[in-house]
Amino acid sequence: MSLSSTKLLFFAGSAREASFNKRVARLGAQIAEANGLAATFADLGDYPMPLYDADLQALEGIPENALKFEALMKVHTGIFIASPEYNASITPLLKNTLDWVSRVRIEGEEPLAVFKSRVFALGSASPGGMGGLRGVNTTRTVLELGLGALVLPDQFAVPKAGEAFEANGHLKNRDQQENFKALIVKLARAAHVLHGP
Ligand SMILES: Cc1cc2nc3c(=O)[nH]c(=O)nc-3n(C[C@H](O)[C@H](O)[C@H](O)COP(=O)(O)O)c2cc1C
C-alpha cells in the first residue's frame, strides 16, 4: 500500500513550554517522517482562542485561529493527539479547541466534516504511573460520540514521563518507541483507506 498521499498531523492538548505531551507529538512527527510519511507538528500555543462562549460567537464569529486550525486539520488525513489528563479528564485547552473547531461551518460541507472524514489516534503522557490514559477515554468520547470521528482503538501512553525521554527526544524504552511507531503506521494506513490514494 503506497502511503505517499497520506499526511499526518500531530499535536498536544498542552501548550506548556516543557510539555511532555508536546514531546510525544513532536516525536510522533519525527517517527512518521523517518518512515516516509509526510507529517506536521502543531503547537496549540500558536493558535490561542478565547474560552468558548456562544454569545461571543454570535457577536464576533469564529476566532481566526479556530478557522486556521480547522484548515490545518483539513490538509491532513490522519491526526494524532497526545494530551495530558487533568483530573481524570480532557484538558480545557484541548476541549476548547475542539469546541471552537466544531462550530466552524464551511459552505457546501456538512457540519463536523473535518472530524468525520479523518482518522484519529490518541496518546498521553504523565509524570504519574498511569500515563494519563483516563483522560484519553474522555477525549475519545468527545471525538467519537460528540464529533462523529473515527478513532483507532489502540492508544499510546507514556507513564513516568519525567524519566522517559532521552535528550534527543526519543524514548529511552525502545519497545515503547516501537509501539508508538506501530500505532503511527496503523494511523497512516487507516487514513489511506478512508481517503483513498
Ligand atoms: C489541573 C491538573 C490536573 C491534573 N490531573 C492529573 C491526573 O488526573 N492524572 C495525571 O496523571 N496527571 C494529572 N496532572 C499532572 C499532569 O499530568 C502534568 O502536569 C503533566 O506534566 C501535564 O502534561 P504536559 O507536561 O504535557 O503539560 C494534573 C495537572 C493539572 C495542572
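We're numbering straight along the sequence, starting at 1. Both ligands and their constituent atoms are indexed starting at 1 by order of listing. All of these numbers come straight from a predicted model, not from anything done at the bench.
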Between CG on residue Leu187 and CZ on residue Phe10, distance to nearest 0.5 Å: 6.5 Å
Ser19 side chain to Ala15 backbone, donor-acceptor under 3.5 Å: no
Asn21 side chain to Ala12 backbone, donor-acceptor under 3.5 Å: no
Side-chain donor-acceptor pairs of residues 49-63 under 3.5 Å, sequence neighbours excluded:
residue: Tyr52; atom: OH; partner: Gln57; partner atom: OE1; Å: 2.5
residue: Asp53; atom: OD1; partner: Asp55; partner atom: N; Å: 2.8
residue: Asp53; atom: OD1; partner: Leu56; partner atom: N; Å: 3.3

N/O to N/O under 3.5 Å, ligand 1 against protein:
residue: ligand 1; atom: 5 (N); partner: Glu85; partner atom: O; Å: 3.3
residue: ligand 1; atom: 5 (N); partner: Asn87; partner atom: N; Å: 2.8
residue: ligand 1; atom: 8 (O); partner: Glu85; partner atom: OE2; Å: 3.2
residue: ligand 1; atom: 8 (O); partner: Asn87; partner atom: N; Å: 3.1
residue: ligand 1; atom: 8 (O); partner: Ala88; partner atom: N; Å: 3.0
residue: ligand 1; atom: 9 (N); partner: Glu85; partner atom: OE2; Å: 2.6
residue: ligand 1; atom: 11 (O); partner: Ser126; partner atom: OG; Å: 2.7
residue: ligand 1; atom: 23 (O); partner: Asn21; partner atom: ND2; Å: 3.4
residue: ligand 1; atom: 25 (O); partner: Arg16; partner atom: NE; Å: 3.4
residue: ligand 1; atom: 25 (O); partner: Arg16; partner atom: NH2; Å: 2.7
residue: ligand 1; atom: 25 (O); partner: Phe20; partner atom: N; Å: 2.9
residue: ligand 1; atom: 26 (O); partner: Ser19; partner atom: OG; Å: 2.5
residue: ligand 1; atom: 26 (O); partner: Phe20; partner atom: N; Å: 3.3
residue: ligand 1; atom: 26 (O); partner: Asn21; partner atom: N; Å: 3.0
residue: ligand 1; atom: 26 (O); partner: Asn21; partner atom: ND2; Å: 2.8
residue: ligand 1; atom: 27 (O); partner: Ser14; partner atom: OG; Å: 2.7
residue: ligand 1; atom: 27 (O); partner: Arg16; partner atom: NE; Å: 2.9

Identify every side-chain donor-acceptor pair in residues 127-134 under 3.5 Å, counting partners at least two apart or on other chains, and give the distances.
residue: Arg134; atom: NE; partner: Glu85; partner atom: OE2; Å: 3.1
residue: Arg134; atom: NH2; partner: Glu85; partner atom: OE2; Å: 2.8

Pairwise salt bridge (charged side-chain N to carboxylate O under 4.0 Å, His left out) hits with a residue in residues 19-37, at least two apart: Lys22-Asp43
